[in-house]
Asks: 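Starting off with a structure, shown below.
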Amino acid sequence: MKELFDHSATTEGVTVRVAVNFLPEQSHPDAGKWFWVYHIRIENGSHEALKLRTRHWRITDARGGVSHVDGEGVVGEQPRLEPGQSHDYVSGCPLATPHGSMEGFYTFNRDDGEPLEVRIPFFPLAAPATAD
């Protein structure tokens, strides 16, 4: 699996990088199921400590269907990032179409309790072309 971060966005010194890969072994096109895994690296380049509280995803399929996914933290964790620290995690996304996209934001809390909304960059989900 490649670990090249193809997509990134920076909000107030916090950079979110994304690498995405299609997983054919977990996809079943005949059953209308395609699956991607994505690796996210969150880098705190700001001057203050931040604690990740929530995530919001907007997932769009090839038919224009949109799903919104909200939750606490990422993969069961709410990491605290000191200035200069980063946090990596891997998760996955199933779709009922061979193409789609994801984007969203994380909400962090500053030490003073003020929230900071950090953008997750738009990234495409695209299965390799297959012969019908």
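Note that the coordinates shown come from a computational prediction; the quantities given were computed from them, not determined experimentally. Keep in mind that the numbers below use all heavy atoms, side chains included, and drop hydrogens, waters and symmetry copies.
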Asks: About how many Å separate OG of Ser67 and CG of Asp61, when rounded to the nearest 0.5 Å?
Replies: 7.0 Å

Asks: Please check this pair: side chain of Thr97 against backbone of Ala62, looking for a donor-acceptor N/O pair closer than 3.5 Å.
Replies: yes

Asks: First locate atom CD of Glu82, then atom CG of Leu50, and finally report the distance between them rounded to the nearest 0.5 Å.
Replies: 9.0 Å

Asks: Can you name the one residue among Tyr38, Phe105, Phe122 that meets ring pair (Phe, Tyr, Trp, His ring centres under 6.0 Å) with Trp57?
Replies: Tyr38

Asks: Spell out, as yes or no, whether a donor-acceptor pair under 3.5 Å connects the side chain of Arg53 to the backbone of Asn109.
Replies: no

Asks: I'd like to know if Arg58 and Asp70 make a salt bridge, using a cut-off of under 4.0 Å between side-chain N and carboxylate O.
Replies: no

Asks: Going from CZ on Arg55 to OH on Tyr89, what distance comes out if it is rounded to the nearest 0.5 angstrom?
Replies: 7.0 Å

Asks: Report yes or no: does Ser27 contribute a side-chain atom to a donor-acceptor pair with the main-chain N or O of Phe35 at less than 3.5 Å?
Replies: yes

Asks: Would you find a donor on one side and an acceptor on the other, under 3.5 Å apart, between the side chain of Asn44 and the backbone of Gln85?
Replies: no

Asks: Please tell me whether Val66 and Ile120 are part of a single hydrophobic cluster in this structure, the criterion being side-chain heavy atoms less than 4.5 Å apart.
Replies: no

Asks: Does the plane of the ring in His39 sit parallel, tilted or perpendicular to the ring in Phe5? Use 30° and 60° as the thresholds.
Replies: perpendicular

Asks: Charged N to carboxylate O under 4.0 angstrom, Glu117 versus Arg119?
Replies: no

Asks: Looking at Arg41, is its backbone amide N or carbonyl O close enough to the side chain of Ser86 to form a donor-acceptor pair, meaning the two atoms are under 3.5 Å apart?
Replies: no

Asks: Check Leu116, Thr107, Ile42 against Leu52 for a side chain to side chain contact (heavy atoms under 4.5 Å, CB included) and give me the one that passes.
Replies: Ile42

Asks: With rounding to the nearest 0.5 angstrom, report the CD to NE2 distance, Glu103 to His56.
Replies: 8.5 Å

